[in-house]
Colleague: 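My structure is below; once you've seen it, I'll send some questions.
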Amino acid sequence: LFSFGNTLQLDKRRVTIPLSHLINAFHSPKNISVSVSGVSVSQNQHRDVVPEHEAPSSEPSLNLKDLGLSELKIGQIDQLVENLLPGLCKGKNISSRWHTSHVSAQSFFENKYGNLDIFSTLRSSCLYGHHSRALQSICSDLRYWPVFIQSRGFKTLKSRTRRLQSTSERLAETQNIAPSFVKGFLLRDRGSDVESLDKLMKTKNIPEAHQDAFKTGFAEGFLKAQALTQKTNDSLRRTRLILFILLLLGIYGLLKNPFLSVRFRTTTGLDSAVDPVQMKNVTFEHVKGVEEAKQELQEVVEFLKNPQKFTVLGGKLPKGILLVGPPGTGKTLLARAVAGEADVPFYYASGSEFDEMFVGVGASRIRNLFREAKANAPCVIFIDELDSVGGKRIESPMHPYSRQTINQLLAEMDGFKPNEGVIIIGATNFPEALDNALIRPGRFDMQVTVPRPDVKGRTEILKWYLNKIKFDQSIDPEIIARGTVGFSGAELENLVNQAALKAAVDGKEMVTMKELEFSKDKILMGPERRSVEIDNKNKTITAYHESGHAIIAYYTKDAMPINKATIMPRGPTLGHVSLLPENDRWNETRAQLLAQMDVSMGGRVAEELIFGTDHITTGASSDFDNATKIAKRMVTKFGMSEKLGVMTYSDTGKLSPETQSAIEQEIRILLRDSYERAKHILKTHAKEHKNLAEALLTYETLDAKEIQIVLEGKKLEVR
Ligand SMILES: Nc1ncnc2c1ncn2[C@@H]1O[C@H](COP(=O)(O)OP(=O)(O)OP(=O)(O)O)[C@@H](O)[C@H]1O
Ligand SMILES: [Zn+2]
């Protein structure tokens, strides 16, 4: 069962007519009409017989076959409607007026246009048969049917023209009598249709009013079909346009996508490995705390600015400069600054880019890089991680073609004249690892050391990066610089950044000293462990232990100044006291070393004095490590033991047993003396010790000023 699902609005009721019902409904009026008339008929007879009419007032019979339909009388259609929708036409007794009718022998659905035209006929019969308004409304609800079917006859312009030609004669004939919109309908393939309509209009007994009705019906169908064709054409054209635009966009996207092009680059390895970058924005101003390196590179900048000036006298400038230094000290930044100062292109390449599994790829990248650079001279080529391309560890199975790559690099460096204006700057953390051929004169013959910054350099770097964020003007960058011995430029930049993040997390308006200290501790000792629950007993022990260290530091003349004391767990520690050297210490005196040992002893001594020998803890082990190391070096390296004299003892394992035990003996004495000194100080300052421990238990962290206030016996302001 194929349900149309086409609901008809009828007397405010919804009626759905299934197809099978419809077919049955059409078949029954045919049969009825035949049996009523009592005339047996054959197919052939019917073809030529003109429909009969009983009386002038009787209904006109519509030759539906001529419309592409079987023949049906209007009365039959009414019957059909009655069958479809019983009760609708009850007011009139139509069946008694039925007469013989010609029924096409062809089954209704053999006519491929049948089901369509039944409905248009239905409509006209409803309209002109003066049936109820309700029926009219059904018929007008069926208006979409003709459109659906008729569109078949007017599919495309092409087929229409073809039909035009084939029926040109008939067209000429009909042009005179039919309005132009009807002609469209007449151009259907089936000549009989055209003829029939013509006949219908001219010769059949159709009243004037009905003729107009037909015309209107056909015109409506024609117009709707045309509108549909137009719509179909428009949407086709639109779809094609959209597809075309999408295709163009797709191609553009593929070409522009950096990911794809990068992948293309790395897989072929044929085009240049790098694009030049104009480094105008980086100058020596941006590199802090490496004054010597900057001075040495200044002459390279001069050369790049004016190569001729230097070669006029026949002098040779280095082709390659090797920047040597630990990671993060600003080697890359310096190379960029050289290009920026001279305002020339900067080509960046990382040594690992040339390290390829495939034969010739690394070498061809080097070739391309130099070709590009030479074409744009004067310029700077920077090769980071030079050791990974020019290292000695070559011809391992992991780097099968690195020898080839090195040779290519050497050949390229030999291949251009010193006055061509191409400067190659290489950077490495391990100059010892470089192939000897690379560092001989004529290649990387100038070495510039980029060391870790000293206190002054660190202060400058901290100031430089602090100026890029919002910070409290009372910050003293020097204090942080003093506490960050061994930090590289990159690490200091990170410190400032972490402080800024911390301030943001805490909802502060600017970075203060507290955040800087916090991030310093975090980097040095690992993150705070606020979540660990330390019980009160352990907290108390820690507080006395740490204040023990602090008291010794405070009251020992040669100890470093205290910076901070805390009992906040951090990394593996439960608390710590940090001391700051006034300056980077290039040298340390005997007194300073002894003082460091004493401070280390302070923690254990405090535990012993306050809690008793039975309650000392394991917390002092790293303090002892530290003190023992100092004592050992004093004895074996620094010649600071009277008994062993001014002699160094490098490999203690190879020494005679006597010497070994003498060394041990000396170390033991140094440590014991240190312990005693610490004990003495803590006994003397027991009151201050107690005050400081209690302040730590209250406030967790105390800075240098606060510690001083407590030790002077004053009250701390409540925070
Ligand atoms: N002296 C410095 N002055 C200012 N900023 C610095 C300095 N040193 C390092 N930095 C900062 O650290 C970042 C990393 O430094 P850079 O890459 O130049 O170090 P590098 O020595 O080349 O390290 P690597 O050897 O690991 O390549 C720089 O971009 C810069 O922001
Ligand atoms: Zn300790």
Side-chain angles (χ1 to χ4, degrees), residues 273-274 287-297 300 318-339 346-357 361-363 365-366 369-370 380-414 423-454 457-458 461 484-494 523 584 586 650:
V274 275
V287 199
K288 303 286 177 188
V290 279
E291 295 310 317
E292 291 82 0
K294 282 201 259 183
Q295 269 166 28
E296 284 190 65
L297 290 170
V300 179
K319 284 181 184 173
I321 298 148
L322 197 58
L323 299 180
V324 181
T329 46
K331 298 184 291 295
T332 312
L333 205 61
L334 268 173
R336 295 195 157 184
V338 168
F346 178 81
Y347 288 86
Y348 176 93
S350 176
S352 50
E353 276 174 36
F354 303 116
D355 193 8
E356 273 289 337
M357 285 298 286
V361 172
R365 284 197 189 145
I366 291 209
L369 175 62
F370 276 80
V380 171
I381 297 178
F382 180 69
I383 304 177
D384 208 353
E385 303 166 57
L386 188 63
D387 41 296
S388 70
V389 57
K392 285 173 186 159
R393 48 167 180 83
I394 37 175
E395 258 136 10
S396 75
M398 292 301 291
H399 309 272
Y401 303 112
S402 54
R403 183 78 252 171
Q404 212 187 15
T405 312
I406 278 201
N407 288 340
Q408 187 64 43
L409 182 59
L410 296 177
E412 291 290 347
M413 289 191 79
D414 292 341
I423 290 279
I424 303 145
I425 302 180
T428 180
N429 305 331
F430 322 97
E432 321 81 44
L434 286 181
D435 195 299
N436 286 333
L438 267 180
I439 45 180
R440 79 155 174 73
R443 282 135 189 191
F444 288 101
D445 44 9
M446 179 175 163
Q447 270 205 21
V448 175
T449 315
V450 189
R452 289 203 174 90
D454 58 7
R458 289 199 300 274
I461 295 173
T484 47
V485 183
F487 273 46
S488 69
E491 283 168 323
L492 291 169
E493 185 185 3
N494 180 33
I523 293 167
D584 285 4
W586 306 109
S650 47

Colleague: What is the distance from atom CD1 of Ile321 to atom CD1 of Ile423, rounded to the nearest 0.5 Å?
Modeller: 5.0 Å
Colleague: In the structure I gave you, are the side-chain heavy atoms of Phe346 and Val338 within less than 4.5 Å of one another anywhere?
Modeller: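 In short, these two side chains do not touch, never coming nearer than 4.5 Å.
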Colleague: How close do Gln447 and Glu296 get, heavy atom to heavy atom, and via which atoms?
Modeller: O-OE1, 3.9 Å
Colleague: Only counting residues at least two apart or in another chain, list the ones meeting side-chain hydrogen bond (donor to acceptor under 3.5 Å, both in side chains) with Glu493.
Modeller: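 Once residues adjacent in sequence are excluded, Glu493 has no partner under the side-chain hydrogen bond (donor to acceptor under 3.5 Å, both in side chains) criterion.
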Colleague: Return the CG to CG distance between Leu334 and Leu323, rounded to the nearest 0.5 Å.
Modeller: 6.0 Å
Colleague: Supply the atom-to-atom distance Met446 CE to Ile425 CD1, rounded to the nearest 0.5 angstrom.
Modeller: 9.0 Å
Colleague: Taking all atoms of both residues into account, what is the closest heavy-atom pair of Leu386 and Gly426, and its distance?
Modeller: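 Answer, listing the atom of Leu386 first, then Gly426: CD2-CA, 4.3 Å.
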Colleague: Of all the heavy-atom pairs spanning Pro453 and Phe487, show the shortest one and how long it is.
Modeller: CD-O, 3.4 Å
Colleague: I need the minimum non-hydrogen distance between Lys319 and Met413, along with the two atoms involved.
Modeller: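 It is NZ-O, 2.7 Å.
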Colleague: Would you say Asn429 and Lys331 make side-chain contact, with heavy atoms under 4.5 Å?
Modeller: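 Asn429 vs Lys331: side chains touch.
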Colleague: To the closest 0.5 Å, what do you measure between CD1 (Ile383) and CZ (Phe444)?
Modeller: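 Spacing of CD1 (Ile383) from CZ (Phe444) equals 5.0 Å.
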Colleague: Give the minimum heavy-atom separation between Ile461 and Gly489, together with the two atoms involved.
Modeller: CD1-CA, 4.0 Å
Colleague: With sequence neighbours excluded, what pairs up with Glu412 under the side-chain hydrogen bond (donor to acceptor under 3.5 Å, both in side chains) test?
Modeller: Gln408
Colleague: CG/Leu333 to NZ/Lys288 distance, rounded to the nearest 0.5 angstrom?
Modeller: 10.5 Å
Colleague: Search all heavy atoms of Tyr348 against all heavy atoms of Asp384 and return the closest pair with its distance.
Modeller: OH-OD2, 3.2 Å
Colleague: To the nearest 0.5 angstrom, please state how far the CD1 atom of Ile381 sits from the CZ atom of Phe370.
Modeller: 4.0 Å
Colleague: Taking the side chain as everything from C-beta on, heavy atoms only, tell me whether Thr428 gets closer than 4.5 Å to Leu322.
Modeller: yes
Colleague: For Thr484, check side-chain hydrogen bond (donor to acceptor under 3.5 Å, both in side chains) against everything at least two apart and list the hits.
Modeller: Arg458
